[in-house]
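Letters go in sequence order (proteins before strands), and every chain restarts at 1.
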There are 2 protein chains.
Amino acid sequence: MDQKVDTRSRILNIAEAAVLEKGFEATSIEEIVAGAEISRGGFFYHFKDKNALARAMLERYIDAENALYDDLFARARELNDDPLHCMLIGLKLLAEMLEEMPTGHPGCVIASTAYQDRLFDEGVRDLNRQAILGWRKRFRGMFEEIAQVYEPREAVNMDALGDMVSGVVEGGLVLQRALREHNNASEQIMLFRTYLKLLFADKK
Amino acid sequence: MDQKVDTRSRILNIAEAAVLEKGFEATSIEEIVAGAEISRGGFFYHFKDKNALARAMLERYIDAENALYDDLFARARELNDDPLHCMLIGLKLLAEMLEEMPTGHPGCVIASTAYQDRLFDEGVRDLNRQAILGWRKRFRGMFEEIAQVYEPREAVNMDALGDMVSGVVEGGLVLQRALREHNNASEQIMLFRTYLKLLFADKK
DNA sequence: ATCCCGACTGTACTGCGGGTCCAGTTGACC
DNA sequence: GGTCAACTGGACCCGCAGTACAGTCGGGAT
């Protein structure tokens with residue numbers, strides 16, 4: 001029986017679904033404990049307050065996102081060894097993934113927490129920061145690899161270009177949420193992809 | 001004496017500053033009335049609830065943003081009549097503007113509300129939607145003008161390209177908030193600008 | 001068999017913030 | 001002198017976060 005998912009994870013699952021759907025503040029502990037079929041006391045046994053819950057959720061989410069990127073670009077690398085084409089394939093896969101999510105993408109917890117800021121303690125904010133810095137590093141590395149093979153047509157700040165991956169995804173998700181459309185994020189990624197094609201058109 | 005700013009506007013000013021700094025939920029009516037030096041009753045005389053306040057704030061914000069874009073691209077047009085260069089100059093001005101805001105940019109209320117969604121009623125959400133659709137239309141129009149003079153090197157969805165302006169700004173602001181850096185949004189805009197330069201490099 | 005402990009349940013209570021109701025004041029204009 | 005809009009002030013309800021703690025229950029370790 002997999003009903004033996006431990007309570008802590010069950011809380012996190014319920015909470016994550018609720019938070020992604022309607023935001024952190026709008027999710028009450030009451031409804032989380034109802035969904036997880038535990039008592040309020042049980043909740044506070046696992047998390048000392050809502051902030052601790054937020055931190056745990058963020059950690060899980062960031063780990064999952066990182067694993068996803070690892071997997072995505074590993075698969076892309078198998079398909080093509082050239083760093084540019086690997087990036088292009090990876091972004092295509094990412095765009096497809098975002099499009100295939102039927103409910104629309106859950107929506108990035110990062111942006112959500114970034115805009116509710118003062119609700120959270122320093123620990124949560126720092127997690128957020130570190131996640132984005134991690135992605136910056138990851139993508140900057142990939143772009144530098146590309147730049148060793150392809151001469152960029154225009155000079156670009158590699159840190160900023162690395163950030164642009166996160167930024168385009170985040171921005172796309174904001175649009176998607178606000179517009180109630182379903183493929184804005186994937187379209188934005190595809191546009192970013194053509195940017196890269198134009199930028200790194202010429203082999204050295 | 002300009003202290004005769006009417007109470008309603010005073011409430012909106014105080015509220016906007018507080019909301020941009022720490023988010024809507026984290027801003028209590030208590031502190032708004034304290035800041036505006038009125039009573040709680042006075043607040044509810046002007047706004048029937050927090051939702052009404054949100055709607056009024058969004059309306060003001062969107063109007064201001066639209067006026068800003070009008071002004072920015074009008075100035076750009078004066079400097080250069082070519083639609084591409086006008087766009088490029090406008091984006092540069094926008095980037096500079098974002099950079100010059102000492103506290104970092106207030107941060108777009110749009111994203112903030114998009115991610116808190118269920119806190120707000122349909123009216124607020126619709127305002128949000130209409131604003132983004134407005135910007136889509138605005139920028140798509142400008143890009144179509146450009147495409148009449150310049151042959152895009154790659155086929156792009158013009159709606160999506162229009163959205164990309166909003167998306168890049170929103171995304172940049174998310175990064176900026178989360179990272180506590182100050183020029184991410186302007187850097188992202190500058191990168192988007194080089195994208196446009198590459199995309200519309202060849203005159204027809 | 002017992003005891004201990006981790007994982008809870010249940011209840012009672014505090015405090016804050018949103019929101020309602022309403023009676024009363026104040027100043028401007030007619 | 002009366003009317004009205006723009007408030008003040010206070011009493012009150014509710015939901016929700018968070019605290020506190022006493023008690024339960026099942027599964028090892030001894």
Side-chain angles (χ1 to χ4, degrees), chain A residues 1-19 21-58 112-113 115-125, chain B residues 1-58 112-113 116-125:
Chain A
M1 302 294 170
D2 59 7
Q3 73 193 98
K4 216 45 230 143
V5 182
D6 70 305
T7 308
R8 199 186 138 90
S9 306
R10 226 166 60 240
I11 295 174
L12 284 172
N13 290 339
I14 305 266
E16 186 168 302
V19 168
E21 198 209 331
K22 48 194 197 187
F24 190 75
E25 262 303 288
T27 301
S28 70
I29 290 176
E30 206 62 55
E31 71 174 287
I32 294 173
V33 304
E37 290 176 324
I38 51 163
S39 63
R40 276 171 53 75
F43 174 87
F44 286 106
Y45 174 78
H46 288 286
F47 303 98
K48 80 175 233 287
D49 54 22
K50 252 187 141 186
N51 241 302
L53 174 69
R55 205 175 318 115
M57 281 180 49
L58 249 191
S112 168
T113 49
Y115 272 104
Q116 298 184 50
D117 231 7
R118 298 300 167 95
L119 243 46
F120 302 109
D121 61 26
E122 203 44 58
V124 173
R125 279 179 238 151
Chain B
M1 303 291 169
D2 60 6
Q3 73 192 101
K4 213 51 227 139
V5 182
D6 70 305
T7 308
R8 198 186 138 91
S9 306
R10 225 167 60 240
I11 294 174
L12 284 172
N13 291 338
I14 304 267
E16 187 167 300
V19 167
L20 287 175
E21 198 209 332
K22 49 194 198 187
F24 190 74
E25 264 300 290
T27 301
S28 70
I29 291 176
E30 206 60 54
E31 71 174 283
I32 295 173
V33 304
E37 290 177 324
I38 51 164
S39 62
R40 277 169 53 76
F43 175 87
F44 286 106
Y45 174 80
H46 288 287
F47 302 97
K48 80 175 232 287
D49 54 23
K50 249 187 144 186
N51 239 302
L53 173 68
R55 204 174 318 115
M57 279 180 51
L58 249 191
S112 169
T113 51
Q116 297 183 52
D117 230 8
R118 299 299 168 94
L119 243 47
F120 302 109
D121 62 27
E122 203 44 58
V124 174
R125 281 181 237 150

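One finds the CG atom of B/L12 at 10.0 Å from the NE2 atom of B/H46 (value rounded to the nearest 0.5 Å).
The nearest heavy atom of DNA chain D to A/D49 and to B/S39 marks one nucleotide each, and the one closer to the 5' end goes with B/S39.
Side-chain proximity of B/R40 to C/dT20, C/dG17, C/dG10: nearest is C/dT20.
Of all heavy-atom pairs between A/E37 and A/R10, the closest is O-NH2, 4.1 Å. Nearest heavy atom pair, residue A/E30 against residue A/R40, reads OE1-CD, 3.7 Å.
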For this session: Start with the C-alpha distance between B/I11 and B/F43, add both sets of side-chain angles, then the distance that settles side-chain contact (heavy atoms from CB on, under 4.5 Å), and finish with yes or no.
Result: CA-CA 8 Å; B/I11 294 174; B/F43 175 87; 3.9 Å; yes
Problem set entry | Criterion side-chain contact (heavy atoms from CB on, under 4.5 Å) on B/I32 and B/L53, from CA distance to verdict | CA-CA 11 Å; B/I32 295 173; B/L53 173 68; 3.9 Å; yes
Problem set entry | Stepwise side-chain contact (heavy atoms from CB on, under 4.5 Å) check, B/R55 with B/F120 | CA-CA 9 Å; B/R55 204 174 318 115; B/F120 302 109; over 6 Å; no
For this session: Kindly determine whether B/E25 and A/F24 satisfy side-chain contact (heavy atoms from CB on, under 4.5 Å), including the steps that lead there.
Result: CA-CA 10 Å; B/E25 264 300 290; A/F24 190 75; over 6 Å; no
Name the pairs: protein N/O against N/O of nucleotides 3-7 of chain C, kept only if under 3.5 Å.
from  : atom 1 : to    : atom 2 : distance (Å)
C/dA7 : OP2    : A/Y45 : OH     : 2.6

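The environment of CD in A/E122 is crowded: more than 12 heavy-atom neighbours from other residues, nucleotides or ligands sit within 6.0 Å.
Atom NZ of B/K48 and atom P of C/dT20 are 8 Å apart (whole Å). Between the CZ atom of A/R8 and the C1' atom of C/dC8 there is a distance of 15 Å, rounded to whole Å. Distance, B/E31 CD to C/dG18 C1': 14 Å, rounded to whole Å. Atom CD of A/E37 is separated from atom C1' of C/dG10 by 17 Å (rounded to the nearest Å).
Bracketed by its first and final contacts, the part of DNA chain D lying under 4.0 Å from non-hydrogen atoms of chain A reaches from D/dA17 to D/dT19 in 5' to 3' order.
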